[in-house]
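Report on the following structure.
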Amino acid sequence: MAEQNGAAEKEQISQSYWSLVWWKFKKSKTAVIGGIVVIAFYLFCGLLAEFVAPYTLQQQTEYLEARPQPIVFKNKEGNFSLRPAVYGLDEEIDMATRKRTYVVNKENIYPLRLFVRAEPYKLFGLIPMKIHFFGVNPDNSDAHVFLFGTDRLGRDIFSRIIYGGRLSLLVGLIGQALTLILGLSLGVISGYYGGSVDILVQRLTEFVTAFPREPLFMALAAAIPPKWSPIAVYFMLTLILAFVQWGGLARQVRSLILSLREQEYVLAATSFGASDSRIMFRHLMPGTMSHVIVILTLMIPSMILSETALSWLGLGLRPPLTSWGVLLQEVGSVRAIRFAPWLLIPVPFVLLAILSFNMLGDGLRDALDPYGGR
Amino acid sequence: MEPLVEVKNLNVEFDVRDGIVHAVDGVSFTVHRGRTLGVIGESGCGKSITAKTIMQMVPKPGEITSGEVLFHYRDKYDPEGDIEVINITNLDPDGRRIRKIRGGEIGMIFQEPMSSLTPVYTSGTLIGEALHLHRLVPKTVGEEMAQNIKEYRHVTDEEAREISIEMLRKVGIPKPEQRVDSYAHQLSGGQRQRVMIAIALSCRPAMLIADEPTTALDVSIEAQILDLMADLQETVDMAIMFITHDLGVIAEVADEIVVMYMGKQVETADATELYYNPLHPYTRALLKSIPQIGKRSTQRLASIKGMVPDPFNLPSGCVFHPRCPEYMPGKCDRIVPKWTEVEEGHYARCLLYEEV
């Protein structure tokens with residue numbers, strides 16, 4: 001009995017696989033930072049975009065292609081103040097180029113406030129709200145805040161980046177979910193049955209992987225009927241991205257299953273009457289999960305990049321849907337870069353998102369092998 | 001004695017790159033209800049393949065070329081019902097019918113308890129899985145009616161959990177209420193084998209195939225597991241087919257013994273008869289090679305001379321003749337011995353007992 005008690009205590013001390021994973025993950029600083037940034041992106045862009053953005057997506061102001069307003073820590077009298085503020089902009093016509101420009105008017109200073117009441121929206125598409133995270137005094141109709149400037153239609157770019165992130169990042173998630181279903185099930189089936197099924201699935205993955213990506217994207221994206229609603233186009237696009245991506249996952253899962261299926265527990269499961277599908281999806285598939293999680297995390301960036309590239313080429317999402325790619329599409333001309341370089345600001349956001357995904361994925365890859373070296 | 005599984009002239013061949021291997025070559029035996037059949041032989045002699053053939057689980061590229069495995073099926077929920085003879089070799093290996101027999105009628109436990117449990121599930125989940133597949137409980141419509149209505153339904157999750165705990169208690173696992181939520185890595189080797197036995201027995205099979213169940217365990221655990229199996233056999237009236245290469249173990253558990261060599265059945269007899277009166281030279285040599293307590297340590301342990309032949313180039317005539325101490329030149333290397341009943345219920349495949 002004493003021995004059993006000892007065993008029970010020992011069990012509480014011995015750590016589970018996932019607690020070891022968490023412990024090792026925490027040790028890697030880059031991975032933790034990557035993870036936090038990724039979570040922040042999904043939280044602020046995905047869930048709370050309406051709340052975080054000071055303007056709504058299509059809200060137009062009379063400031064067209066206004067430059068970004070710098071944040072200053074000054075009050076009306078020009079003295080230092082802790083409350084950040086922005087200077088107002090005055091419209092001027094440059095008589096030489098006949099172009100409208102905006103100059104900073106230091107007379108008008110608009111202090112920034114937290115939790116201001118502005119345009120009404122629906123949080124999560126359900127809860128009607130008016131409060132935005134920050135903004136300027138809503139009673140003063142002249143007051144405005146464009147942290148990253150405005151576009152040709154006078155829409156706040158900061159708000160649009162936040163909203164655009166939602167679609168761009170969700171492409172990654174929805175696409176990966178489809179990739180997961182397709183790649184995992186085909187990989188498991190191919191690895192478990194082997195033989196002609198394996199050959200068929202492998203040739204199919206090779207065909208899909210060997211196909212040059214961009215032309216395939218373009219051909220498939222061009223095949224989307226132009227009459228479809230933007231939302232339908234969006235889902236079609238994620239479907240296309242997933243269709244091109246699943247090959248790699250299927251191959252890795254297959255090779256894992258090839259080794260797992262030789263385990264004695266597969267024989268044991270067969271001997272107590274489990275069907276093939278039960279063995280494949282209940283006994284074998286969970287064993288591949290740690291690998292699959294890493295592969296999926298590392299594949300999300302390429303999905304986001306593909307969406308951005310396709311939308312930038314005009315083959316992906318179309319306005320009024322807004323993604324980072326759609327935002328960048330507006331900078332497709334020399335004129336835009338020459339006169340409104342702030343339209344390029346989505347780029348660092350794309351970079352940041354992809355970098356942090358890669359950092360998270362690398363950290364996960366190391367952490368999910370907690371018994372490994374290093 | 002009522003036959004449960006009859007294996008008749010079974011042949012299993014493996015068509016591999018280097019040629020055809022006759023893994024099982026003309027094996028016949030009968031497992032009786034509630035009795036224990038022991039199968040012994042050295043590694044690679046076809047014991048495990050025979051067992052897997054009974055479950056229609058021959059690994060690729062193996063193929064049953066001839067012979068039959070007859071299973072005398074009796075509905076366990078209707079003990080008075082008729083016995084239906086099913087030829088297992090004719091069933092589709094992935095079909096619904098054989099999946100009902102696997103686990104439901106014939107349970108199996110394996111050599112490696114370390115890797116026989118799926119690592120991602122608790123022992124309760126694994127037992128529950130088998131229960132959901134096979135175990136039925138009577139439908140209770142009303143108190144009086146329940147007696148007359150012979151309808152059954154599958155177990156619910158709560159019932160499965162209760163039965164799991166009950167099974168774990170039966171196989172002697174301490175604190176079954178806690179162990180039911182343990183993963184394989186939290187159990188010791190003996191406990192894992194007990195969980196395997198619990199899974200195999202949870203659906204009340206008519207027969208249990210134990211494929212070297214104690215090889216990976218140390219001797220004290222081995223004794224416990226053997227006792228456990230004997231106890232359970234008594235309480236649930238279950239046949240056991242016990243495969244091993246440990247002659248001491250088989251002497252303890254088996255009622256009848258089949259000796260195999262290179263895929264061929266060389267001798268079959270009652271356990272005591274076989275140990276006291278071995279007929280085939282191979283069986284004799286095997287029995288001589290058991291180390292004995294009390295023998296003078298200066299004596300060398302007897303061994304069978306020669307090597308196990310290459311399965312692709314089996315010797316002509318009797319496959320054992322190159323190693324046989326009673327080799328009769330001109331006879332054993334020419335004539336293939338037949339399966340003969342030398343004494344009543346004692347069969348051997350040897351030219352010593354044939355008129356040639």
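Below, chain A is the first sequence line, B the second, and so on; all start at residue 1.
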message = Other residues, nucleotides and ligands only: do more than 12 of their heavy atoms fall within 6.0 Å of CZ on A/F243?
response =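 No.
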Charged N-O contact under 4.0 Å between B/K60 and B/D15 =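 B/D15 and B/K60: not salt-bridged.
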ask   = Between B/R135 and B/E162, is there a salt bridge with N-O shorter than 4.0 Å?
value =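 A salt bridge is absent here (no side-chain N lies under 4.0 Å from a carboxylate O).
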query = Does the cation-pi check pass for A/K26 over A/W23, that is, NZ or CZ under 6.0 Å from the six-membered ring centre and within 45° of its axis?
reply =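 Geometry flag: not set, cation outside 6.0 Å or 45°.
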Given heavy-atom pairs under 4.5 angstrom as the criterion, report whether the side chain, backbone, both or neither of [X] touches chain A.
| X | result |
| --- | --- |
| B/K52 | side chain |
| B/M55 | side chain |
| B/L117 | backbone |

request  = Against chain A, work out which of B/I98, B/I101, B/D94 has the most heavy-atom pairs shorter than 4.5 Å and name it.
outcome  =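 Heavy-atom pair counts peak at B/D94.
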request  = Scan side-chain atoms only and decide if A/E264 and B/S115 contain a donor-acceptor pair under the 3.5 Å cut-off.
outcome  =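 Looking only at side-chain atoms, B/S115 and A/E264 do not form any donor-acceptor pair under 3.5 Å.
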task = Classify the side-chain pair B/Q56/B/R102 by whether it contains a donor and acceptor separated by less than 3.5 Å.
result =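 Their side chains do not contain a donor-acceptor pair, so the 3.5 Å distance test is not met.
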ask   = Are any side-chain N or O atoms of A/Y42 and backbone N or O atoms of A/L169, one a donor and one an acceptor, separated by less than 3.5 Å?
value =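 Yes, because the side chain of A/Y42 sits within donor-acceptor range (under 3.5 Å) of the backbone of A/L169.
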Atom pair CD1/CZ of B/I88 and B/F71 - distance to nearest 0.5 Å =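 B/I88 atom CD1 to B/F71 atom CZ measures 6.0 Å (nearest 0.5 Å).
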query = What part of A/R278 lies closer than 4.5 angstrom to a heavy atom of chain B: side chain, backbone, both or neither?
reply =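 It is the side chain, since no backbone atom gets that close.
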task = Against chain B, label A/L284 side chain, backbone, both or neither, depending on which of its atoms sit under 4.5 Å from a heavy atom there.
result =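 No part of A/L284 comes within 4.5 Å of chain B.
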Residues 285-292 of chain A side chain polar contacts: donor-acceptor under 3.5 Å, at least two apart:
{"from": "A/T288", "atom 1": "OG1", "to": "A/M285", "atom 2": "O", "distance (Å)": "2.7"}

ask   = So which residues of residues 119-130 of chain B are in contact with chain A at a heavy-atom cut-off of under 4.5 Å?
value =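 If one takes a 4.5 Å heavy-atom cut-off, the residues of residues 119-130 of chain B near chain A are B/P119, B/V120, B/Y121, B/T125, B/L126, B/E129, B/A130.
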